[in-house]
Amino acid sequence: MNYWLFKSEPETFSIDHLMQTPKQTEPWDGIRNYQVRNLLRDQIQLGDQAFFYHSNCTPPGIVGIMEIVKTAYPDLSARNPASAYYDPKATSDNPRWYTVDVHFLKKFPRIITLQEIKQHPALQNMPLARKGNRLSITPITQEEWQILLTRIPDKLNAISVMPA
DNA sequence: GCCAACGTTGGC
DNA sequence: GCCAACGTTGGC
């Protein structure tokens, strides 16, 4: 199993949005960067887990965990002219862009802020800790995953918020 | 809103 | 294949 970090702007799609979908499962669509496309298509496996990161907000940080429940398939938003992610170069023969389905696992009782990540000596290799990283999906090592989880108080770590 | 750090595009 | 111009991301 692999670990990942998925970024999203909460104004566009937040962890609360994911929680509130009927099956708490959504396609992670709209990826329009080739490096990230390749990760989606070639590296991300069923059962992999991913941190949900809120970007371009105050404060930016990790807000919870998701699981990959469907591996790469063509991102149909690329072929929808009404979509903000429409790409006329995507065709049925060559979909060009891919998506995976993510399922909500848990929302943390507090945000693990970008500031904390930047301050932790063992997390300096994370792309997040470096300036100018713009990949919206990045791999996380098992060590980084464990360190980040221990930022959350143990008793609260297991909290999984169910839909209303 | 600013702007640094990228990624992408397209002329040549 | 180079690279300038342009677009986007995302922290601040």
Side-chain angles (χ1 to χ4, degrees), chain A residues 2-21 26-44 48-68 71-102 104-141 143-152:
Chain A
N2 300 310
Y3 297 108
W4 308 95
L5 181 137
F6 283 34
K7 291 184 200 171
S8 179
E9 300 191 11
E11 280 194 21
T12 305
F13 186 73
S14 71
I15 195 162
D16 292 326
H17 290 131
L18 179 61
M19 281 171 58
Q20 286 159 16
T21 61
E26 281 286 292
W28 197 269
D29 58 9
I31 297 293
R32 298 292 180 269
N33 170 285
Y34 288 107
Q35 289 182 58
V36 178
R37 189 276 311 268
N38 293 346
L39 285 179
L40 280 174
R41 193 189 53 190
D42 307 330
Q43 301 291 129
I44 297 182
D48 283 0
Q49 292 190 6
F51 285 129
F52 197 132
Y53 178 89
H54 282 176
S55 67
N56 214 352
C57 58
T58 307
I62 296 170
V63 293
I65 301 180
M66 308 177 282
E67 179 180 354
I68 307 303
T71 54
Y73 61 99
D75 181 348
L76 294 182
S77 71
R79 297 181 54 212
N80 174 9
S83 169
Y85 304 121
Y86 179 60
D87 179 354
K89 292 179 181 170
T91 65
S92 55
D93 283 348
N94 181 9
R96 193 140 106 135
W97 304 114
Y98 289 83
T99 186
V100 298
D101 284 357
V102 296
F104 172 81
L105 284 188
K106 66 179 79 165
K107 179 180 175 179
F108 294 151
R110 69 176 190 89
I111 297 175
I112 305 173
T113 64
L114 176 61
Q115 185 183 24
E116 288 177 72
I117 293 169
K118 286 182 164 176
Q119 286 171 352
H120 196 294
L123 299 178
Q124 297 312 298
N125 287 332
M126 289 180 64
L128 277 185
R130 289 181 238 127
K131 205 178 175 184
N133 160 67
R134 308 185 320 152
L135 298 183
S136 61
I137 297 179
T138 54
I140 299 271
T141 69
E143 185 191 6
E144 289 162 348
W145 184 269
Q146 289 303 327
I147 289 171
L148 285 161
L149 281 186
T150 60
R151 307 297 286 178
I152 300 295

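Proteins get letters first, then strands, A, B, ... in listed order; numbering begins at 1 in each.
Checking C:dG11, B:dA5, B:dT8 against every side-chain atom of A:Tyr34, the shortest atom distance belongs to B:dT8. Minimum atom distance to the side chain of A:Leu114 is reached by C:dC12, of the listed B:dA4, C:dC12, B:dG7. Between C:dG11, B:dG7, B:dA4, one nucleotide has an atom nearer to the side chain of A:Asn33 than all others, and that is B:dG7. Closest to the side chain of A:Arg134, out of B:dA4, C:dT9, C:dG11, is C:dT9. Comparing atom distances between the A:Lys7 side chain and each of C:dG7, C:dC12, C:dG10 picks out C:dG10 as nearest.
For A:Lys118 and C:dG11, the NZ to P distance is 8 Å, given to the nearest whole Å. Between the P atom of B:dT8 and the CG atom of A:Leu135 lies a distance of 9 Å, rounded to the nearest Å. Taking atom CG of A:Leu128 as the reference point, atom C1' of C:dC12 lies 15 Å away to the nearest angstrom. Distance, A:Gln115 CD to C:dG10 P: 19 Å, rounded to whole Å. Spacing between atom CZ of A:Arg130 and atom C1' of C:dG10 amounts to 16 Å, rounded to whole angstrom units. Distance, A:Glu9 CD to C:dG11 C1': 11 Å, rounded to whole Å. Whole-Å rounding puts the A:Glu11 CD to C:dG11 P distance at 13 Å. Here the P atom of nucleotide C:dT8 and the CD1 atom of A:Ile31 are 16 Å apart, to the nearest Å.
The existence of a salt bridge linking A:Asp87 and A:Arg96 is confirmed by a sub-4.0 Å separation between a basic side-chain nitrogen and an acidic carboxylate oxygen.
The shortest distance between side-chain heavy atoms of A:Leu39 and A:Gln35 does not fall below 4.5 Å. Inter-residue side-chain proximity for A:Leu114 and A:Tyr53 is flagged as met; some heavy-atom pair is nearer than 4.5 Å. A:Pro60 has its side chain out of reach of A:Lys7: every pair of non-hydrogen atoms, C-beta onward, lies at least 4.5 Å apart. For the pair A:Ile65/A:Phe51, a side-chain contact is recorded, criterion being any heavy-atom separation below 4.5 Å from C-beta on.
Between A:Ser55 and A:Arg134, the side chains place no donor N or O within less than 3.5 Å of an acceptor N or O (distance only, hydrogens not considered).
The aromatic rings of A:Phe13 and A:His17 lie parallel to each other, with less than 30° between the two planes, well short of the 60° mark.
Fit an axis to the five pairs at each end of the helix from B:dG1-C:dC12 to B:dC12-C:dG1 and the two axes sit 10° apart, to the nearest 10 degrees.
When the nearest nucleotides of DNA chain B are assigned to A:Arg32 and A:Asn56 by heavy-atom distance, the more 5′-ward of the two goes with A:Asn56.
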